[in-house]
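This report refers to the structure that appears directly beneath it.
Lettering of chains follows the sequences in order, A, B, ..., and the numbering in each one begins at 1.
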Amino acid sequence: MLDITFIRENLELVKAGAKKKHIEVDLDRLMSVDEKRRALLVEIETMRAKQNEVSDMVVKASPEEKEKAIGEMRVLKETLQGKEKEMEEVMHEWQLLMVAVPNIPDLSVPDGDSDADNKEVKVWGGKPQFAFTPKSHVELMQDLEMADFERGTKVAGFRGYFLKGDGALLSFAIWRYAQDFFLKKDFTPMIVPSLVKRVAFLGSGYLPQGEDDLYKTQDGDFLAGTAEVATMGYYMNEVLPKEKLPMKFLSFSPCFRREAGAHGKDVKGLIRVHEFFKWEQVIVCEGTHEESVKWHEWVNRNTEEFIESLEIPYHTVLNCGGDLGLGQVKKYDIELWVPGENTYREISSASYFHDFQTRRLNIRYRDENGKMQYSHSLNSTAIPTPRILVSLIENYQQEDGSILIPKALQQYMGKEKIEKAKA
RNA sequence: GGAGGAGUGGCAGAGUGGUCGAACGCGCCGGUUUCGAAAACCGGUAUACCGCAAGGUAUCGUGGGUUCGAAUCCCACCUCCUCCGCCA
């Protein structure tokens, strides 16, 4: 959410931002509704002031005066109730418009419609040269009994999967390695709820848009697609001590995504599943652009370093305007090389929001002058499983169908290679 | 799931229809005093919105309602506590 005063004073800037993001929102309508809102507010508050004034007087008044005043107030009350009703309708529309206003993308964000227009800003690692035709992770994992997709769909439905044997162990190894790796960087680890109340989704910007992408319970709660939702909700409606900023969380949670708009896409394997696990970096920092930028670069670099330590080739892209979410100011995606598809696939997404989320969630701190300020927030994937297995397994495959374990993971896996059990 | 109790400012806690944004205390900030400190004393100490300002409005878990007027009465919901049941 943006500040209404800011929108009013920077209307053209906000309009240009929405256009760059390819997000439709009727800002002129918002301006006229807001004007109505403020006019009504003045009317209502004036009436209430009168009401309060008379109310004070009634106590001390003589019986006749009292009678007269109360009579007058009955009339005023009726008018007031009419105005309040009107205000309610205006506020309803105002709020719908307000939550639809996108945050303004950074100047460095390239123009573009979709992820196809994202700009490559970094390439790392040599792509493996195979003297044989590389297999897909699906084939490799099935051959090594690391995953079972048929039974996955039998039990869990479309996009269902089981990880078993070394597939399960490899997931645990990655979680534990990621834990050790990232906690060296001074994060507070958390295991956070996935079953979360509506208000946290509204606050983090996943609702009211995007309800189709979420699983919903019969109690009106939703299953989160990322630990970001609960982690951001953690401090909602709180005033944080300035000296504790920045807060750095490494949050673990199961993640659930309906993938409502992606029916035909990535139907095979572990790229796109309804249910997965993720370590997520979440930062709440002081409310300046410089802080946001600094931590944004930092969290993104953390994930790059992690991938480098696993020695998997990747590139980093700067997302274009059309590929930014409602609240995001700027976003980097890290994409790992997937030999079986001969392309890069997204593994991480790092974005900052300025005070877009914290304004909705009401997360503040007191600055050095004792003034209340909204914090800034940002987040980035640390590592998702099982998606990381796709590129890990495909890049490390050997001609005999075995898979080498990256050096950094060997101590967590207890071996250097995954291969077929000897008969 | 059943029975009962409770939610007030940073904390603690009064207030059961009107002068209550809210007593008293603690804490915190500033001052007096002091060589310095403690104690004592004096003053201050929520947030948001509207407004150039003066000022106004709202907020006592949340949302409705009753009333000229609600922290206070009524209804619903949420959260917490105690007891019983169930359970990893």
How close or far is atom [atom2] of [N] from atom [atom1] of [X], stated in whole angstroms?
X        : N      : atom1 : atom2 : result
A:Asn362 : B:rG61 : CG    : C1'   : 15 Å
A:Arg359 : B:rA48 : CZ    : P     : 11 Å
A:Glu84  : B:rU67 : CD    : C1'   : 14 Å
A:Lys85  : B:rG64 : NZ    : C1'   : 12 Å

task: Would you sort out whether A:Leu223 and A:Leu195 count as a side-chain contact (heavy atoms from CB on, under 4.5 Å), showing the intermediate values?
output: CA-CA 5 Å; A:Leu223 288 172; A:Leu195 183 56; 4.0 Å; yes

Can you identify which nucleotide, out of [options], has its nearest atom closest to the [X] side chain?
X       : options                : answer
A:Asp56 : B:rU67, B:rU47, B:rU19 : B:rU19
A:Arg74 : B:rC50, B:rC68, B:rU19 : B:rC68
A:Val42 : B:rC68, B:rC50, B:rG56 : B:rC50
A:Met73 : B:rC68, B:rC50, B:rA48 : B:rC68
A:Val58 : B:rC50, B:rC68, B:rU19 : B:rC68
A:Ser55 : B:rA46, B:rG18, B:rC50 : B:rG18

statement: Smallest heavy-atom separation, A:Ile388 atom then A:Ile174 atom, equals CG2-CD1, 3.9 Å

field: salt bridge (Lys or Arg N to Asp or Glu O under 4.0 Å) partners of A:Lys50, counting only residues at least two apart
entry: none

Does [N] have its OP1 or OP2 closer than 4.0 Å to a side-chain nitrogen or oxygen of [X]?
X        : N      : answer
A:Arg48  : B:rG69 : no
A:Asn52  : B:rA58 : yes
A:Lys77  : B:rG69 : yes
A:Arg366 : B:rU47 : yes

Heavy atoms from other residues, nucleotides or ligands near NE2 of A:His92 exceed 12 (cutoff 6.0 Å): no

